[in-house]
Amino acid sequence: MSVTTTTPPAQRPGRSPAAVPARRARADRVRGIGVYLGIAAIVVYCLAPFYWMLVSSLRRPSDQFSNAPLPAPASLENFLSAFDPSNGFARALLNSVIVAGTTTLLTLIVGIFAAYALARLQFRGKGPILAVIIATSMFPGITLLVPLHQLFVDIAWINTYQAMILPSMSFALPLAVWNLTAFFRQMPFELEEAAQIDGCTPAQAFRRVILPLAAPGVFTTAIITFIAAWNEFIIAVSVINRKDMMTANVIISLFTGQYGYDQPFGTQMAAGVIVTIPLVIMVLLFQRRIVEGLTAGGVK
């Protein structure tokens with residue numbers, strides 16, 4: 001019977017003990033470079049439209065169809081044209097703030113109480129109720145325009161703020177209730193029990209203990225709701241026909257050029273930048289809170 005001996009990997013000819021760690025280090029470097037390149041590609045893909053909108057807004061009207069990567073020379077004429085009184089853009093911005101702010105506030109008030117009840121109270125049909133709530137958010141908004149328009153005509157709500165706020169709430173509430181319900185569920189019941197032992201009523205325990213701890217989830221829901229309401233277009237363009245009641249997104253689509261029939265591309269890009277910048281600033285300032293709210297409850 002013959003005996004076969006095998007040379008250990010570290011002692012094989014042509015392979016030193018330091019070769020394996022070196023190859024692993026090179027592989028890790030290549031993998032890291034690939035990850036960063038992928039992230040850079042995604043960032044470029046997401047920011048390219050906004051960059052082109054910004055560059056187009058800084059071009060002179062005579063250069064608005066130029067394909068140069070940078071405006072040469074840069075001009076603020078498009079921004080001044082956007083705020084021309086004939087466009088009504090300043091009033092439209094105020095309308096957008098009113099509609100988005102009111103929608104966010106009402107959605108939070110209703111959503112917080114509904115989510116807390118669904119998370120803490122025990123009653124029949126709680127599961128199906130949550131399923132119905134999330135299912136309502138799946139209906140495409142355009143399918144509801146005709147009945148909503150007819151309803152608002154019958155109750156004389158055309159050209160009113162509530163005609164834009166209530167439909168926006170109907171689309172924002174399901175997501176708000178779903179998110180906040182999951183957030184309240186991960187909070188231990190002992191918090192309310194300890195507060196009630198110290199003399200708090202259930203309402204006081206909710207207001208003084210639970211609500212402050214739920215701030216990250218509430219804040220994240222508020223940001224998401226505000227962005228959705230700020231960007232809403234299809235409802236606002238369907239129930240409003242008075243220029244002084246239109247939101248910024250609607251008024252931008254109605255900009256006219258110098259002669260009434262030419263396309264004011266640069267002015268529309270400038271208005272788009274003005275509408276987008278508040279959202280960008282809001283996300284950059286509160287990104288930590290947003291991440292905390294989205295990840296809260298993920299690990300117990």
Side-chain angles (χ1 to χ4, degrees), residues 46-106 157-168 172 222-287:
C46 294
L47 293 184
F50 180 75
Y51 170 78
W52 193 251
M53 182 170 64
L54 179 61
V55 169
S56 300
S57 68
L58 293 174
R59 300 188 198 279
R60 297 176 302 179
S62 58
D63 301 331
Q64 65 177 349
F65 295 113
S66 171
N67 291 325
L70 293 173
S75 171
L76 296 178
E77 187 173 346
N78 289 321
F79 290 90
L80 298 177
S81 299
F83 283 100
D84 188 281
S86 62
N87 288 330
F89 184 59
R91 172 69 187 186
L93 282 175
L94 177 61
N95 292 336
S96 290
V97 171
I98 293 173
V99 172
T102 306
T103 300
T104 302
L105 180 61
L106 294 178
W157 271 19
I158 297 297
N159 293 317
T160 60
Y161 287 124
Q162 58 266 31
M164 294 181 282
I165 292 170
L166 291 184
S168 296
I223 292 292
I224 295 174
T225 303
F226 185 87
I227 291 175
W230 182 266
N231 292 331
E232 202 286 317
F233 176 81
I234 191 67
I235 294 174
V237 78
S238 303
V239 300
I240 301 296
N241 52 45
R242 274 174 44 191
K243 192 172 184 179
D244 62 323
M245 292 295 297
M246 292 179 178
T247 58
N249 295 329
V250 176
I251 211 74
I252 291 174
S253 67
L254 301 179
F255 279 0
T256 57
Q258 181 179 0
Y259 301 104
Y261 56 83
D262 54 333
Q263 184 71 13
F265 180 74
T267 305
Q268 288 178 327
M269 293 298 102
V273 170
I274 295 170
V275 170
T276 306
I277 282 178
L279 302 182
V280 175
I281 294 175
M282 187 183 304
V283 172
L284 291 178
L285 288 178
F286 303 111
Q287 58 180 331

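FYI, side chains are in, hydrogens and waters are out, and symmetry mates aren't considered; it's all heavy atoms of this structure. Remember, it's a predicted structure, so these values are computed and weren't measured experimentally.
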Flag, side chain of [X] to backbone of [Y], donor-acceptor distance under 3.5 Å:
| X | Y | answer |
| --- | --- | --- |
| Asn241 | Asn159 | no |
| Ser56 | Met53 | no |
| Glu232 | Ile234 | yes |
| Asn78 | Ala270 | no |
| Ser96 | Ala248 | yes |
| Ser253 | Val250 | yes |
| Asn87 | Ser81 | yes |
| Lys243 | Ile251 | no |

Within-4.5 Å side-chain heavy-atom neighbours: Thr267 and Ile252: no
With sequence neighbours excluded, tell me which residues meet side chain to side chain donor-acceptor pair (under 3.5 Å) with [X].
| X | result |
| --- | --- |
| Asn95 | Arg91, Tyr161 |
| Glu77 | none |
| Asn231 | none |

Heavy-atom pair with the smallest gap, counting every atom of Ala163 and Ile235: O-CG2, 3.9 Å
Donor on one side chain, acceptor on other, Asn249 and Thr247, under 3.5 Å: no
Test side-chain contact (heavy atoms from CB on, under 4.5 Å) applied to Thr276 and Trp230, step by step: CA-CA 10 Å; Thr276 306; Trp230 182 266; over 6 Å; no
